[in-house]
Amino acid sequence: MVILGGVLPSAIYFFNVLNDAAALTLARGADFLSVFEKPQRDALAMLFLRLHHQEVVAAQIFGVYGFFR
């Protein structure tokens, strides 16, 4: 369990970068996103930013769980 508590948060943080990249892509407004209106792109960017926060919380919980296990 100690290994799971140390490796799992790292994996979560690694995949959390995808949420950051998606939010930045939506905020910059790439050409292929022209099918979405500006409010829709903003809402999707906020969704990815909120997912980023939730994954950070999950990584912290698994890190603390693995530390005290």
Side-chain angles (χ1 to χ4, degrees):
M1 276 300 172
V2 173
I3 293 172
L4 187 67
V7 174
L8 191 58
S10 299
I12 292 172
Y13 282 127
F14 178 77
F15 287 110
N16 203 7
V17 173
L18 296 174
N19 288 331
D20 294 337
L24 284 173
T25 302
L26 287 164
R28 291 181 64 202
D31 292 336
F32 63 90
L33 294 171
S34 63
V35 297
F36 295 112
E37 299 292 328
K38 175 82 170 117
Q40 290 176 321
R41 287 194 313 260
D42 292 342
L44 284 170
M46 281 303 300
L47 171 72
F48 284 114
L49 290 174
R50 288 182 179 148
L51 282 174
H52 171 87
H53 171 71
Q54 295 299 323
E55 288 183 13
V56 168
V57 170
Q60 290 172 346
I61 289 171
F62 279 113
V64 169
Y65 173 75
F67 181 74
F68 287 112
R69 187 79 170 137

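What you see is a predicted model; the values in this text were computed from it and never measured. Side chains included, hydrogens not; waters and symmetry mates left out as well; all remaining heavy atoms used. Counting begins at 1 with the first residue of the sequence.
- Every side chain to side chain contact (heavy atoms under 4.5 Å, CB included) that Phe32 has, sequence neighbours left out, goes to Thr25, Ala30.
- In the hydrophobic clustering, Phe15 connects to Phe14, Leu18, either directly or through intervening members, whenever side-chain heavy atoms lie under 4.5 Å apart.
- Considering only residues two or more places apart in sequence or on other chains, Phe36 meets the side chain to side chain contact (heavy atoms under 4.5 Å, CB included) condition with Leu33, Gln40, Arg41, Leu44.
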Give every donor-acceptor pair under 3.5 Å between a side-chain atom in residues 45-52 and any protein atom, sequence neighbours left out.
residue: His52; atom: ND1; partner: Asn16; partner atom: OD1; Å: 3.3
residue: His52; atom: ND1; partner: Asn16; partner atom: ND2; Å: 3.2
residue: His52; atom: ND1; partner: Asp20; partner atom: OD1; Å: 3.0

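- Tyr13 forms part of a hydrophobic cluster together with Val56, judged by ILVMFWY side-chain heavy-atom separations under 4.5 Å.
- Applying the salt bridge (charged side-chain N to carboxylate O under 4.0 Å, His left out) test to residues at least two apart or on different chains, the pairs with a partner in residues 29-39 are Lys38-Asp42.
- In this structure, the separation between CD1 on Ile12 and CD on Gln60 is 10.5 Å, given to the nearest 0.5 Å.
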